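Since the structure comes first, as structure tokens, the remarks are kept for the end.
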Amino acid sequence: MTDAIRQEFITLRREVIAAEFAALNDMQREAVLATEGPLLLLAGAGSGKTTVLINRIANLVQFGAGADTDRIPAGVGETDLAFLRLYLASGDNPALRQAGATRARELCAVNPVRPWEILAITFTNKAADELKIRLENKLGGSARDIWAMTFHAASVRILRRFIDRLGFDSGFTIYDTADSQSLMKRILKDLNLDEKSFPYRSVLAEISRAKDALLNSKAYLESAEGAQDYRKRHIGAAYAEYQKRLRAADALDFDDLLYMTVKLLQSEPEVLAHYQRQFRYVLIDEYQDTNNLQYLFSSLLAGGHGNICVVGDDDQSIYKFRGATIQNILNFEHQYPDARVIRLEQNYRSTGHILGAANAVIKNNMGRKGKNLWTEQADGEKLTHYAAMNQEDEAAYVAQAILDHFGKGGKWGEHAVLYRMNALSNQLEYAFKRNGIPYKVIGGTRFFDRAEIKDVLAYLAVVANPADDLRLLRIINVPARGIGQTSAERLRESSLTAGRPISETIQHVRDYPELQRSATKLIRFGNLLEDLREKAAQMPLDQFYDLLLDATGYLSMLQEKPEENAARIENIQELKSNIVSYMQNSEDGSLKGFLDEIALYTDLDNLDPDADAAVMMTMHSAKGLEFPHVYLVGIEEGIFPGHRVLGDPEEMEEERRLCYVALTRAKSKLHLISANQRLLFGRTTANQTSRFLEEIPADYVEKEGIHRPAYGSASWDVSFDDEAQGGYSSGANTRRSQMPVRDRKSWSHPMSPTGGAPQGLPAFQKGDQVTHKAFGRGMITDVQPVGNDALIEIAFDDMGTKRLMLRAAAKQMTKV
DNA sequence: TGACCACAGTTTTTT
DNA sequence: ACTGTGGTCA
């Protein structure tokens, strides 16, 4: 084979493969084809990062190293070259191209990758799921074998197989944050550590930091001995105790999952070799958010073949508070001197104005790699900054804008409201409820953090793992079994001294003189658990779940107060739907498997793209998502940026990055809302508008609302009716801006506790024909007074029946 | 032992 | 505002 043939073959091969990815832009394609060796992909917001990941994996599976290697199959000759030339020239002839496709692919593939040789790591389950779905669409069923999952899920998978080498049982349970917290509270109490100087949260945070630095409690204590640090010594003791009890309960916390995996890979050469051999290609998404453990995890696993591709954006690093270090991405080129760097800077998501605003804001940060996103899109609408009177006005404005858009044929799901902290979502929820806007809150008090869910899951966990003391204690007296705190405490202490799990102690309760008082009850409880364990082995999970709810008396406990517990009962039912869908999606359908999945699960994964509903979530949760219309609320100093970062330039930069993330979620219209005064955490404050707003060029922004609040200077005699009928329509903004700053409560809750008809309710009654701006024509079918408002039911011609609050609805309706 | 009440502390973000 | 805790009383 001559050199010329070699060269031309390599060139043609790359062109053939490149043609498969013709839909991408040059940089994206570059990133897809650069398969070999370390690659740093700096992908700006909305630059098609996920598309690149998908196509990159597709390329690996189809062509292996074909596009990025000098290796040539033996026996390539002139005929093959001629064929490839012809094939490439056939671009506009589909029939010809199709005929040659198979041969071309075979000829160009070099050692195609098998799916399980790819490790693709993401941060959230949501991102992992999306990746899996899109891969399956592209590659078919074999895509299921790709290791596309979160750091934690991958760790669990590795640990389940090999953790016995560290002396742990492979059936370990996973403790979530709440579990860790209650365990730590216990420990601090037992160690007699004052909760003021040793808040459980900061102790846990310190332990988490130690684990991230790969320090076990001993190593941590050693560092404390040297420093003679009193605080550290106590925390070290708590750390040791914490790990001891986790161990006794056969449990790992979130940090342990990564920590143990890294330890395992470092100390067991065989295991390391196994996975290094297996993972020919490693991809890490959101690399700017990795912490030290995750960095080690990635480096170790990619260490065999050295094909590591990390994707990230230093401007979107927003998780420093949980140990993420932006250094990982900044140092990548030092770690791998031969690394290639590819930048994706073309944004396909946002309009020019939105992108311009985001660029202008992030420009104020020092210490970034430097990058300027650009777009081919038109400038689009300007951003809107609405300065609201207070949080109610803010919520009303958002609701109004959404209703307007819906009235023009838009979809609910095109809107997302983002805020800095969950506490800001309340007013919005009320406003959305009143106006009949379907919505979904992501995060906040999470489904799996609800007491009833934790209770039921605790039962399942104890059934699966009798050694799980923490969860056993949670449910030992729920529902009440006459095993009170004192009995439970005594039981716990006896088990501790005996060094056996509580469930074992219960089985041998007769051997413990100090437990005789509650022995009968304990035995009954122990029998219940035994019984459940037997049943669990005999029937499918969903059936067992029903049985458990019944046998434990948990359901009947809730049913004693049906009204009060309606939501709880519903939640428990909803958990069953989780079980059923788990059974459909997993091969083994085991209880353990279910608990694993649940332990790594968050509400974010619930975002159902098919349901048409506006969404609200924190700016953090919104990372990676996009929406046509975005509302950023609470854009005030002290809230965003939050008050705790005001004195700290580094923290401020993180906050600004968060702002960048938030701004770049919007595709076509961005509303920024600040309130002149806000009731938060029980206090009313008057915040200045956020500095981030000042950083956006003024000619990108249209201002609405009350921009220079001169408290008390405006006219005060605006009658209620005026306000109610005037509404919040976009045309009425000028009028609104003249409204006085005044506490609405003074009129919306008149001081008339002795009953009588509510004051100033808009005059609508049963039977009225109305036209609603968003929902069209309809008839009022019911009016129920509720407090100072009324709940009305309207049968709309096209929208079905809706229940709205009268005061809010009146602003949208006219009588026909 | 469990129900009820007052009180305080906490309100960033996630696996 | 809200929740969880701790104390008191039946």
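Note that the coordinates shown come from a computational prediction; the quantities given were computed from them, not determined experimentally. Hydrogens, waters and symmetry mates are skipped; everything else that's a heavy atom, side chains included, is used. Here is the naming used below: chain letters follow the sequence lines, and residue numbers restart at 1 for every chain.
Using cut-offs of 30° and 60° on the angle between ring planes, the pair A/Phe254 and A/His152 is perpendicular. Ring planes of A/Phe279 and A/Tyr275: parallel class, angle under 30° (limits at 30 and 60°).
Between A/Ser487 and B/dT1, a side-chain N or O to OP1/OP2 separation shorter than 4.0 Å is present. Residue A/Asn477 has a polar side-chain atom (N or O) positioned under 4.0 Å from OP1 or OP2 of B/dG2. In terms of phosphate contacts, A/Ser621 brings no side-chain nitrogen or oxygen within less than 4.0 Å of OP1 or OP2 of B/dT13. Side-chain nitrogen and oxygen atoms of A/Lys185 include at least one within less than 4.0 Å of the OP1 or OP2 phosphate oxygen of C/dT5.
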Please tabulate, one pair per line, each protein N/O and nucleotide N/O from nucleotides 4-11 of chain B that are separated by under 3.5 Å, including the distance.
residue, atom, partner, partner atom, Å
B/dT11, OP2, A/Arg201, NE, 2.9
B/dT11, OP2, A/Arg201, NH1, 3.3
B/dT11, OP2, A/Arg201, NH2, 2.4

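If you measure from atom CG of A/Leu188 to atom P of C/dT5, you get 14 Å, rounded to the nearest angstrom. Note: CD (A/Gln288) to P (B/dT13) measures 20 Å, nearest angstrom. In this entry the distance linking NZ of A/Lys623 with C1' of B/dT15 reads 13 Å, nearest Å. Here the P atom of nucleotide B/dT15 and the CG atom of A/Asp256 are 18 Å apart, to the nearest Å. Per the geometry, CG belonging to A/Leu257 stands 18 Å off P belonging to B/dT14, to the nearest Å. Atom-to-atom, CG of A/Asn291 to C1' of B/dT14 comes out at 12 Å; the value is rounded to the nearest Å. Here B/dT13 presents its C1' atom at 15 Å from CD1 of A/Ile639, a figure rounded to the nearest Å. The separation between A/Asp285 atom CG and B/dT15 atom P is 14 Å, rounded to whole Å.
If you check B/dG2, B/dT15, C/dG6 against the side chain of A/Lys189, the one that comes closest is C/dG6. Which of B/dT15, B/dG2, B/dT13 sits closest to the side chain of A/His152 comes down to B/dT15. Of the candidates B/dT14, B/dG2, B/dT15, the closest approach to any side-chain atom of A/Thr618 belongs to B/dT14. For A/Asn422, whose side chain is taken as the heavy atoms from C-beta onward, the closest listed nucleotide among B/dG2, B/dT15, B/dT13 is B/dT13.
Among the heavy atoms of the strands, none lies under 4.0 Å from A/Asp255. Heavy atoms of A/Gly642 sit nowhere under 4.0 angstrom from any nucleic acid atom. At the heavy-atom level, A/Lys320 lies nowhere under 4.0 Å from the strands shown. A/Ala480 comes within 4.0 angstrom of sugar-phosphate atoms only, judged by non-hydrogen atoms across all strands, and of no base. Residue A/Phe151 is out of contact with every strand shown, counting any heavy-atom pair closer than 4.0 Å.
Annotation: cation-pi pair A/Arg160/A/Phe172 present, NZ/CZ under 6.0 Å from the ring centroid and within 45° of its normal. In this structure, A/Arg656 fails the cation-pi test against A/Phe692, since its NZ or CZ atom is not both closer than 6.0 Å to the six-membered ring centre and inside 45 degrees of the ring normal.
The pair A/Arg245-A/Asp190 counts as a salt bridge, with a side-chain nitrogen and a carboxylate oxygen less than 4.0 angstrom apart. Classification of A/Asp253 and A/Lys211 as a salt-bridged pair holds, one side-chain N sitting under 4.0 Å from a carboxylate O. Residues A/Arg368 and A/Glu653 are not paired through a salt bridge, judged by the lack of any N-O separation under 4.0 Å between the basic side chain and the carboxylate.
Aromatic stacking is marked for A/Phe321 over B/dT13, as both cut-offs hold: 5.5 Å for the centres and 30° for the planes.
Side-chain to base pairing of A/Thr177 with B/dT15: one donor and one acceptor N or O lie within less than 3.5 Å of each other.
Along DNA chain B, the nucleotide nearest A/Ile318 and the nucleotide nearest A/Arg481 are compared for position; the residue whose nucleotide lies closer to the 5' end is A/Arg481. Comparing A/Glu655 and A/Phe123 by the nucleotide of DNA chain B that holds the closest heavy atom to each, the one mapping nearer the 5' end is A/Glu655.
A/Asp285 and A/Thr122 are not linked by any side-chain donor-acceptor pair at a separation below 3.5 angstrom, with hydrogens and angles left out of the test. With 3.5 Å as the limit, one finds no donor-acceptor pair spanning the side chains of A/Asn687 and A/Glu637.
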